[in-house]
Novice: 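Have a look at the structure that comes next, please.
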Amino acid sequence: MPHGFIPADRVVVVTGAGSGIGRALAVRAAAEGARAVVACDIDKKAALETLESIPGSYSRRHQALRLDVSDETAVAQAIAGIEQRIAPIDLWCSNAGVHRGEGLGSEQDWDVSLGVHLRAHLYLARHLVPRMADRGQGWLMITASAAGLLSDLGSAPYTASKHAAVAFAEWLSANYDAAGITVTCLCPQGVKTNMNAARRDGCPGAGTNYLEADAVAADAFDALGSGLFLVLPHPEVAEYERRRAYDREHWLAGMRRLSKTRASATA
Ligand SMILES: NC(=O)c1ccc[n+]([C@@H]2O[C@H](COP(=O)([O-])OP(=O)(O)OC[C@H]3O[C@@H](n4cnc5c(N)ncnc54)[C@H](O)[C@@H]3O)[C@@H](O)[C@H]2O)c1
């Protein structure tokens, strides 16, 4: 039975917290009274800037940490270090992401995308979930994407790695609920962040309804409060997913048409 998460007095870790949705999640957790927010990012300076953007709170309560989420040893050390220095981790927001690889992408694009969007979550399952299970409770939030339910025609590595993230989140939720672990999966469509700043204007698909990161973080914390699995800040994604499941052939016919339109627009 999933449990709702109330941030007050909790220890919250956010990865990819140096920018965009991760920064908004960290600020939101602090605003909702978290005892400590640990803002992790591969870019430590950006994580520190996130702490500075928390109103009146650049104090010892909150911390910034350089962490490459695709490095298992670093993730294991971060978990052990935070729990030793601060307290047991209540919520880990596994949010770091990259948008790499046009079309099929390179071998490196696949390595990085799978490292950040899939293996990072696996490392949590190996090193944090057993600690949470011993305590009988814990919350994980995995930021996947609407591309993990549907498709991002521009990038195969992004689409496939995000589908993997959704599948892994569902697997965790099904298998660890009995241990008291509640899993939430955040699947936004377009959000105004650094990730897509260059692609937002003048590109096919630029008609996407781009949300502010703060609004996405607000939806995420509402869902966490209710113990919900799936968070869809763009409600239309639920309808797209229904149509895809209901008639895959019809869905794919539409995607093929969209792909041709994109190809001719960029030719
Ligand atoms: N922006 C969107 O439209 C959108 C839509 C759906 C899903 N998402 C997902 O939301 C999450 C956050 O993306 P964003 O839009 O805020 O992008 P962003 O580029 O603004 O932020 C991503 C952050 O992740 C960090 N990061 C990258 N690789 C890392 C690594 N190996 N270890 C630790 N940190 C790393 C970056 O330094 C950056 O600070 C991602 O998982 C992304 O795929 C974004």
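When a ligand or atom number is given, it counts from 1 through the structure's own listing order. Source: prediction; values computed, not measured.
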Novice: Starting from atom 8 (N) of ligand 1, find the nearest protein heavy-atom neighbour and note its residue, name and distance.
Specialist: Tyr158 OH, 3.6 Å

Novice: Just going by heavy-atom distances, which of Val69, Val116, Thr193, Asp41 is nearest to atom 25 (C) of ligand 1?
Specialist: Asp41

Novice: Indicate yes or no: does Arg10 engage Glu32 in a salt bridge with an N to O separation below 4.0 Å.
Specialist: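 So Arg10 does not pair with Glu32 through a salt bridge.
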
Novice: Examine ligand 1 and decide if any of its atoms is less than 4.0 Å from a heavy atom belonging to Pro188.
Specialist: yes

Novice: Hey, is Asn196 touching ligand 1 through its side chain, its backbone, both or neither, going by heavy atoms under 4.0 Å?
Specialist: side chain

Novice: Polar-atom distance check: Lys162 versus ligand 1, any N or O pair below 3.5 Å?
Specialist: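 It does: an N or O of Lys162 is found under 3.5 Å from an N or O of ligand 1.
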
Novice: Does any N/O atom on Asn95 come nearer than 3.5 Å to any N/O atom on ligand 1?
Specialist: yes

Novice: Looking at Asn194, which atoms of ligand 1 are within less than 4.0 Å of one of its heavy atoms?
Specialist: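 Those qualifying, in numeric order: 20 (O).
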
Novice: Flag Ile42 as yes when one of its N or O atoms lies below 3.5 Å from any N or O atom of ligand 1, and as no otherwise.
Specialist: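 Between Ile42 and ligand 1, an N or O pair is found under 3.5 Å apart.
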
Novice: Just do the side-chain contact (heavy atoms from CB on, under 4.5 Å) check on Leu149 and Arg244 with the steps written out, would you?
Specialist: CA-CA 9 Å; Leu149 301 168; Arg244 175 176 174 268; 5.8 Å; no

Novice: To which of Ser19, Ser113, Ala39 does the heavy atom nearest atom 20 (O) of ligand 1 belong?
Specialist: Ser19

Novice: What about Val98: any of its N or O atoms under 3.5 Å from an N or O on ligand 1?
Specialist: no

Novice: Output the list of atoms in ligand 1 that are nearer than 4.0 Å to some heavy atom of Gly190, sorted by atom number.
Specialist: 3 (O)

